[in-house]
Undergrad: 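Have a look at this one before I ask anything.
In what follows, every chain begins at residue 1, and chains take the letters A, B, ... in the order their sequences are listed. Just the heavy atoms: all of them, side chains too, but no hydrogens, waters or symmetry mates, feed the values below.
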Protein chains: 2
Amino acid sequence: MDGIRSIRAKSGTNLGGASAHNRRIMIDALRVNGALSRADLARATGLTPQAVSNIIEELARDGLVRSQASVRKGRGQPATPYQLVPEGAFAIGLQIDRHVTRTVIVNLVGDVLVQMEAKLPPGGPAQGVVVILDLIRKARNALAAQAPEAEKRLVGLGVAMPGPFGINTLYDDPWMMTAWQNFPLMDRIAEGTGLEVALQNDAAAAATAERLLGAAHGLDHAICIYFGYGLGAGLILNGELYGGAHANAGEIGMMLALVPGDGPDVEPLEHYASMAALCKLLDFDPSEPELFAMVTDAILRGGPKLEQWMDSVAERLRRTVQILESIFDPQTIILCGGAPRALIDRLVEKIEPLLPSIAERSRRYPEARLQAGLADPWSAALGAAAEPIARTFDPRFSAILKTV
Amino acid sequence: MDGIRSIRAKSGTNLGGASAHNRRIMIDALRVNGALSRADLARATGLTPQAVSNIIEELARDGLVRSQASVRKGRGQPATPYQLVPEGAFAIGLQIDRHVTRTVIVNLVGDVLVQMEAKLPPGGPAQGVVVILDLIRKARNALAAQAPEAEKRLVGLGVAMPGPFGINTLYDDPWMMTAWQNFPLMDRIAEGTGLEVALQNDAAAAATAERLLGAAHGLDHAICIYFGYGLGAGLILNGELYGGAHANAGEIGMMLALVPGDGPDVEPLEHYASMAALCKLLDFDPSEPELFAMVTDAILRGGPKLEQWMDSVAERLRRTVQILESIFDPQTIILCGGAPRALIDRLVEKIEPLLPSIAERSRRYPEARLQAGLADPWSAALGAAAEPIARTFDPRFSAILKTV
DNA sequence: TTTATTAAATCAATTCGCTTGACTTATTAG
DNA sequence: CTAATAAGTCAAGCGAATTGATTTAATAAA
């Protein structure tokens, strides 16, 4: 009695897979480089001009690319550049945070068309999902008013939520949104919207946003530290977001990493370095709608308590950066956040000078070792919206393979 | 004056790329699952039985797979299982360490056929390369004596060396092999052997070995901590070795990670946790041929000095494991090494119990959070030999794409 | 002005590995 | 002995990229 011996194997592929990949790299090339002619695309991708011609024609038929006026550049027939059509696709992003939910709708090139938020009722997910579905409905109506054709071109809905997912609780609420994680939220949203739904933690979503239209645009190896209510990192490795074995990779907020002076009872990193920690310090209510303005204000005012906190956070992040550089050898590290611009910028300033690491090379990229990224309350929602776009149009190994 | 604007794009693919991928997944499936019938392979890979049949036939013609006796398993025509042919391919591995160079030759399934070492002269790479080429020549002769056909089936030569590569020196020799890294070693070896040569750091090589035939066999997400003369990690992410932007990913020995009691002047991790550190402690000469036996002996004898060192190393590694788990969310972490078995096993024992992390989940894999891997002086050389095999036969994204 | 050169882009035929659907073979259950 | 089930093959078809020749449109050189 052998039982069902499950065979582990990777998936095969065929002409269809190859073709799908080639469509994706065209779109990717146009996104990264701006408008390109068919000849440019052929040279850059290694495909024949004829193959590129066919693919571009098909993409144009599908309304994803369009030609610009032809340009003369020396001898030879002038080239006709093609660009992405912003209205070629749309996606909805949804951020679910502890006290608030936000939704944005973006188009293929990442322009934000709709942006709405709602307070989450304290009753937990059962009541929360009603608010969420209502918010999405309103956002879709607003989209329809701007672009009647857009509804047909919605490629999906991305959800960003604080992680980690599906693990034993390490410590208690309000740090973890345990009740939300045990609720069949994705099913309910998929059912309520009729869209394909995918879940990410908010750091991963922010990294997706940085890659689509931020500081990581066109980079293949970047680490995005997301400083929000909690602390996480989005890992862009080989041009793709890395999720780990259970989609919890990048949970650096859970690291028990020390700075000089810490004892064995050190708490997880995000207990020191996060908006939650700052709110506790300043005695601000995290659900306060004007929180960002209040924090910005406090930073501009300064004061020893805040400066001291920022110094200590900078010290922790400086060591975190050194650890991440040693482990990943990335092109750059980006500090972004669901946090006020002023805070992120001050922290980047204070983290410098960085500790010595393998990132210290004589011929560095144009990219600095550490830079500031997107920083506003909407960045996780924006990243959530970027996810369906990336999933549908970005070149990925898994997109080539057959679905077994 | 536009100059040469370089266009960044991913590479396209075609039928040939798809076909190459399908060959690779067949080999991978046979390696991971043992012998499989064509029907099994078709189900597991999602390809049609006819496609599998054609591919298997071709692989058999190439001498990479062979059929076994058919087996009856219930109703229906009995299945004919296919297995990898060990003599289908061979590869050479070369480890260059501070005081010694080692070479091994393995076959397609990782059996070690030849194993030789030589002392490196103190004069540096110019003299070293002569010794190295001589050693490789002897090894190939030994291989020819065992298997006359093998020479034709050599797929490449992998080199493992302590990293990091091509960065500003953080601290001085003998930790870094600066002189070696500035020498055109790969070119000289390629020229001297007529083989394709690839370079990895020794931690990456060890991880390749663990994946091919060790504790990471068949796993897609594993971190191998390599405890050798230095300290590094090999990162297996999505079933592939991750190298980072400049092939220096995994240099955890460079981490400035603290344990309770450390001050701001903490040294890189490998100054505490490495064979080099142990040799310093015990006043052993690292170039001593009997080093492993001496260390094993010392461990069996015990003594407060050694126990204290092991405790402190275990404490550092315990925290490193927690950091790696938080960052990667892997299936398992493997402690392996160019170090005596006894040392690795004692360290794994002493590292337990692990610190709380996101790896603490109720339904864990069969795999433990931390386990011991290969541990002998040959593991880096073995991994170096596994690299050409993996590069030639493992499914990888880049293997599908055209070379631009 | 004319002609040669260069480059973009297309046309038409070909290629090649996977798919499709019908068929053969070998075994067990009833 | 027959029906059911599964492995595996045969032969034709398909589809996206390739190949090689051709067209178009510009500049450089004569």
Undergrad: Rounded to whole angstroms, how far apart are CD on B/E58 and C1' on C/dG17?
TA: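 Rounded to the whole Å, the gap is 10 Å.
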Undergrad: Within the pair A/T48 and D/dT18, is there a side-chain N or O less than 4.0 Å away from OP1 or OP2?
TA: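 Indeed, a polar side-chain atom of A/T48 lies that close.
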Undergrad: Using a cut-off of 4.0 Å on non-hydrogen atoms, how would the nucleic acid contact of A/S37 be classed: base, sugar-phosphate, or nothing?
TA: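 If one applies the 4.0 Å heavy-atom cut-off, A/S37 turns out to touch the sugar-phosphate alone, with no base involved.
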Undergrad: Rounded to the nearest Å, what distance is computed from the CG atom of residue A/L41 to the C1' atom of nucleotide C/dA8?
TA: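 Going from CG in A/L41 over to C1' in C/dA8 covers 13 Å.
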Undergrad: Is the distance between the ring centroids of B/Y242 and B/H221 less than 6.0 Å?
TA: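 No - the distance between ring centres of B/Y242 and B/H221 does not fall below the 6.0 Å cut-off.
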Undergrad: Return the nearest nucleotide to the side chain of A/K402; candidates are C/dA9, C/dC18, D/dT18.
TA: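 Looking only at side-chain atoms, A/K402 lies closest to C/dC18.
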Undergrad: Quick one: is C/dG17 close enough that its OP1 or OP2 comes under 4.0 Å of any side-chain N or O from B/S19?
TA: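 Checking B/S19 against C/dG17: no side-chain N or O falls below 4.0 Å of OP1 or OP2.
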Undergrad: Output the distance between atom CZ (A/R396) and atom CG (B/N238), rounded to the nearest 0.5 Å.
TA: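 So the CZ of A/R396 and the CG of B/N238 are separated by 11.0 Å.
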Undergrad: Using the side-chain heavy atoms of B/I55, tell me which of these nucleotides is nearest: C/dA26, C/dC18, D/dT9.
TA: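 The answer is C/dC18, which lies nearest to the side chain.
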Undergrad: Calculate the interatomic distance between A/I56 atom CD1 and C/dA9 atom C1'; express it in whole Å.
TA: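 In whole Å, C/dA9 C1' lies 13 Å from A/I56 CD1.
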Undergrad: Check the distance between C/dA9's P and A/L36's CG and give it to me in whole angstrom.
TA: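 Spelled out: CG on A/L36 to P on C/dA9 is 11 Å.
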Undergrad: Side chains of A/N54 and A/E58: donor-acceptor distance under 3.5 Å anywhere?
TA: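 Side chains of A/N54 and A/E58: no pair found under 3.5 Å.
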Undergrad: So, OP1 or OP2 of D/dG8: does either fall under 4.0 Å of a side-chain N or O from B/T80?
TA: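 True: B/T80 side-chain N/O within range (under 4.0 Å) of D/dG8 OP1/OP2.
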Undergrad: Provide a list of protein-nucleic acid N or O atom pairs under 3.5 angstrom, restricted to nucleotides 11-16 of chain C.
TA:
from, atom 1, to, atom 2, distance (Å)
C/dC11, N4, A/Q50, OE1, 2.5

Undergrad: What nucleotide among D/dT18, C/dT10, C/dA9 has an atom nearest to a side-chain atom of A/A79?
TA: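 Between D/dT18, C/dT10, C/dA9, the one nearest the side chain of A/A79 would be C/dA9.
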Undergrad: Find the distance A/E57:CD to D/dA16:C1' and express it as a whole number of Å.
TA: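 A/E57 atom CD is separated from D/dA16 atom C1' by 14 Å.
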Undergrad: Quick one: B/N14 CG to C/dC18 P, roughly how many Å, whole number?
TA: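 To the nearest whole Å, that distance equals 12 Å.
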Undergrad: Would you please confirm or rule out a distance under 4.0 Å between OP1 or OP2 of D/dA7 and any side-chain N or O of B/R43?
TA: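 Checking B/R43 against D/dA7: at least one side-chain N or O falls below 4.0 Å of OP1 or OP2.
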Undergrad: Please report the interatomic distance CZ(A/R153) to CG(A/L143), rounded to the nearest 0.5 Å.
TA: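 One gets 12.5 Å once the value is rounded to the nearest 0.5 Å.
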Undergrad: Quick check on C/dA8: is either OP1 or OP2 less than 4.0 Å from any side-chain nitrogen or oxygen of A/R72?
TA: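 No.
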Undergrad: Can you figure out which of C/dA8, D/dA7, C/dT10 approaches the side chain of A/P49 most closely?
TA: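 From the listed options, C/dT10 comes nearest.
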Undergrad: For the rings on B/H21 and B/F397, is their centre-to-centre separation under 6.0 Å?
TA: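 No - the distance between ring centres of B/H21 and B/F397 does not fall below the 6.0 Å cut-off.
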Undergrad: Do A/D40 and A/S37 get their side chains close enough for a donor-acceptor pair, meaning under 3.5 Å?
TA: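 The criterion, which ignores hydrogens and geometry beyond distance, is satisfied for A/S37 and A/D40.
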Undergrad: Do other residues, nucleotides or ligands put more than 12 heavy atoms under 6.0 Å from the CD atom of B/E196?
TA: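 Atom CD in B/E196 is not crowded, with 12 or fewer foreign heavy atoms closer than 6.0 Å.
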Undergrad: Between B/R38 and B/Y82, do the side chains contain a donor N or O and an acceptor N or O under 3.5 Å apart?
TA: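 The answer is yes; a qualifying pair exists.
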Undergrad: In whole Å, what is the span from the CZ atom of A/R38 to the C1' atom of D/dT24?
TA: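 That distance rounds to 14 Å.
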Undergrad: CG of B/L47 versus P of C/dT20: gap in Å, rounded?
TA: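 Distance check: B/L47 CG to C/dT20 P gives 12 Å.
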Undergrad: Just N and O in the side chain of A/N22: are any of them under 4.0 Å from OP1 or OP2 of D/dA16?
TA: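 Answer no for this pair, as no side-chain N or O of A/N22 is under 4.0 Å from OP1 or OP2.
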Undergrad: Does A/N54 make a side-chain N or O approach to OP1 or OP2 of D/dA17 shorter than 4.0 Å?
TA: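 So the side-chain polar atoms of A/N54 never come under 4.0 Å of the phosphate oxygens OP1 or OP2 of D/dA17.
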Undergrad: Is the distance from OP1 or OP2 of C/dT10 to the nearest side-chain N or O of A/S53 less than 4.0 Å?
TA: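 For C/dT10, OP1/OP2 do have a side-chain N/O of A/S53 under 4.0 Å.
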Undergrad: Is a donor-acceptor pair below 3.5 Å formed from side chain A/R75 to base C/dT6, judging by atom type as modelled?
TA: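 For A/R75, whose side chain was compared with the base of C/dT6, there is no donor-acceptor pair (under 3.5 Å).
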